[in-house]
Number of protein chains: 2
Amino acid sequence: MSQTVDRALSILPLLAEGPADLGQVADRLGVHKSTALRLLRTLHEHGLVYRQSDQRYRLGARLFALAQEAMENLDIREIAHPHLVRLNEQTGHTVHLAVHEENEVLYIDKVESRYPVRMYSRIGKPVAITVAAVAKLLLADLPEAERRALADKLDYPLYTARSTANATAFLRELELVREQGWATDLGGHEESINCVAAPVRGADGRVVAAMSVSAPNVVVTAEELLTLLPLVRRTADDISGEYSGRTPVRDPA
Amino acid sequence: MSQTVDRALSILPLLAEGPADLGQVADRLGVHKSTALRLLRTLHEHGLVYRQSDQRYRLGARLFALAQEAMENLDIREIAHPHLVRLNEQTGHTVHLAVHEENEVLYIDKVESRYPVRMYSRIGKPVAITVAAVAKLLLADLPEAERRALADKLDYPLYTARSTANATAFLRELELVREQGWATDLGGHEESINCVAAPVRGADGRVVAAMSVSAPNVVVTAEELLTLLPLVRRTADDISGEYSGRTPVRDPA
DNA sequence: ATGGGTGTTGCACGTTTCGCAACAGCCCAG
DNA sequence: CTGGGCTGTTGCGAAACGTGCAACACCCAT
């Protein structure tokens with residue numbers, strides 16, 4: 001690791017606490033004033049640090065711009081994909097990844113049993129929003145007002161006898177999902193298909209995506225599928241960790 | 001200025017464009033792979049850079065945390081926020097707060113129409129500096145020499161037919177804004193969006209921030225939006241007063 | 001197996017950075 | 001006006017630090 005860079009970067013969290021002048025920075029870094037000056041100058045040239053009118057230093061505008069740009073380029077799908085593949089290899093079942101957008105829930109990735117098929121279209125198919133396990137997870141995380149408003153606007157088609165029947169039942173189900181942190185769809189969409197799903201959360205704890213494992217009755221019973229829940233949740237948590245930058249990746253120290 | 005730090009910091013905007021692997025980083029920096037590796041490691045230790053499971057690097061969570069922390073420490077923002085909210089309640093439109101820093105103008109707060117939810121999403125994004133009403137106000141306050149120098153350096157993208165076309169037009173517009181003490185953007189950035197803005201001044205009279213109200217054509221015409229000007233200016237003046245310590249906090253009756 | 005593609009490590013050279021000390025402004029007090 | 005204290009700034013030599021090289025380790029395809 002580079003000492004100079006290390007010192008320079010140590011300035012950033014220090015300034016995040018509030019503005020500081022050259023002397024304070026030098027003291028807290030444990031270096032000579034002239035050294036601190038040069039480091040600050042370099043940070044300044046890159047816009048990470050800004051000098052306000054009283055000559056004290058602040059964190060600069062470029063930092064916001066960088067964070068902003070990085071946010072937009074964060075591709076959940078890209079991060080999640082290898083995890084989906086691994087989950088598929090471990091279970092043999094179909095794995096889905098879905099996001100919530102504009103009152104719809106869309107699949108954005110899918111790995112099918114044995115042969116990994118990547119869906120390249122960014123805009124996937126809308127899912128059955130009232131019954132799909134992933135939809136429940138994504139909607140359960142909305143503020144209550146939005147949840148209610150949305151629930152009222154939806155249609156509740158009876159795909160099967162176990163489909164969610166109306167807004168009241170749906171809201172009750174969302175409440176349950178919200179509390180337990182996972183969701184299922186047991187024959188609610190197609191009679192013979194069961195799903196178990198877990199949420200992917202961003203750094204702020206909000207649900208940004210949901211992942212599910214689906215299998216037909218003829219292959220595994222609902223009970224057997226439920227035994228996969230811990231694995232599904234762990235995988236979702238791994239993705240969450242990676243997505244929010246909490247590095248769960250092994251470092252070959 | 002420090003060469004090592006300079007190189008290390010150059011990695012950040014590079015990664016903001018999207019994830020990259022070691023070789024790509026080294027190439028674009030023009031250094032040996034081993035050098036890039038050590039720089040990345042240092043950045044990694046500080047959490048500014050994160051290594052995803054495919055071993056590629058991307059910007060890390062700490063960057064977001066820093067940006068957010070820095071933003072929350074901006075005192076103008078804290079003081080202005082309740083005023084923005086009130087203005088939003090009174091007008092129903094989107095309200096922005098922006099500051100000027102290092103030849104960029106960026107939004108530091110935003111209250112969206114009617115929804116009490118505070119969106120961090122677009123905050124931090126640099127604004128279209130040649131057309132945005134807030135940008136004109138902030139730049140119009142610069143000393144003439146700086147204004148000229150800046151105007152020459154800028155690009156003048158034609159977002160719409162009403163966008164500022166070149167440096168001459170821009171300087172003329174700034175002169176006007178400077179005299180009248182407020183600014184507009186009538187379809188200069190997006191055809192159907194109009195803005196009206198007013199400056200926030202510090203104790204010394206210099207413009208420290210600018211506030212705008214934006215609304216699409218389909219909701220209110222430009223003329224109707226302009227009738228809000230007195231209210232916008234009064235609000236900006238209130239913020240100015242509070243920021244410069246002249247006025248005790250006014251009750252929001 | 002074998003080759004090209006990655007990422008990683010140890011090392012010797014020399015460029016870069018460090019701390020020092022002296023300088024330059026600024027503000028306040030005498 | 002003058003002087004002292006405070007902050008930020010600059011030139012310089014010494015040496016520490018970072019650099020590029022080359023060799024290695026590893027993974028995946030062919």
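Predicted, not measured: the structure shown is a model, and the values here were computed from it. So that the names make sense, note that chain A is the first sequence line, chain B the second, and so on, each numbered from 1.
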Taking N and O atoms by type only, does the side chain of B/R56 place a donor or acceptor under 3.5 Å from a partner on the base of C/dG7?
-> no
A/T4 side-chain N/O to C/dT17 phosphate OP1/OP2 under 4.0 Å | no
Between CG of B/L39 and C1' of D/dT19 the distance, given in whole Å, is 10 Å
A/H32 has an atom NE2; how far is it from atom P of C/dG19, in whole Å?
-> 8 Å
Looking at B/Q3, does any N or O in its side chain come under 4.0 Å of the phosphate oxygens OP1/OP2 on C/dT16?
-> yes
Using atom CG of B/D6 as one end and atom P of D/dC17 as the other, report the distance to the nearest whole Å.
-> 20 Å
Please evaluate the base of D/dG20 for a donor-acceptor partner in the side chain of B/S34 within a cut-off of under 3.5 Å?
-> yes
Tightest non-hydrogen contact, residues A/V134 and A/Y107, listed as CG2-CE2, 4.1 Å
Among side-chain atoms of A/D109 and A/H81, is any donor-acceptor pair under 3.5 angstrom?
-> yes
Closest of C/dT17, D/dG8, D/dT10 to the A/R51 side chain is D/dG8
Under 3.5 Å, is there a donor-acceptor pair between the A/H32 and A/S34 side chains?
-> yes
If you check the B/S2 side chain, which of C/dT8, D/dT19, C/dT17 turns out closest?
-> C/dT17
Examine the side chains of A/H46 and B/D6 and answer whether a donor and an acceptor come within less than 3.5 Å of each other.
-> yes
Going by an N to O cut-off under 4.0 Å, is there a salt bridge joining A/D238 and A/R233?
-> no
Rounded to the nearest angstrom, tell me the gap between atom CG in A/L29 and atom C1' in C/dT17.
-> 15 Å
Taking atom P of D/dA25 as reference, at what distance in whole Å does atom CG of B/L37 sit?
-> 17 Å
Measure from CG on A/L22 to P on D/dG8 and round the result to the nearest Å.
-> 5 Å
A/R41 side chain: which of D/dT10, D/dG20, C/dG7 is closest?
-> D/dT10
Separation of D/dC27 C1' from B/Q55 CD (nearest whole Å) = 10 Å
Does a nitrogen or oxygen in the side chain of B/R7 sit under 4.0 Å from OP1 or OP2 of D/dT19?
-> yes
Does a nitrogen or oxygen in the side chain of A/T35 sit under 4.0 Å from OP1 or OP2 of C/dG19?
-> yes
Give the rounded distance in Å between these two atoms: NZ of B/K33 and P of D/dC26.
-> 16 Å
For the side chain of A/R38 and the base of C/dG19, is some donor closer than 3.5 Å to an acceptor across the two?
-> yes
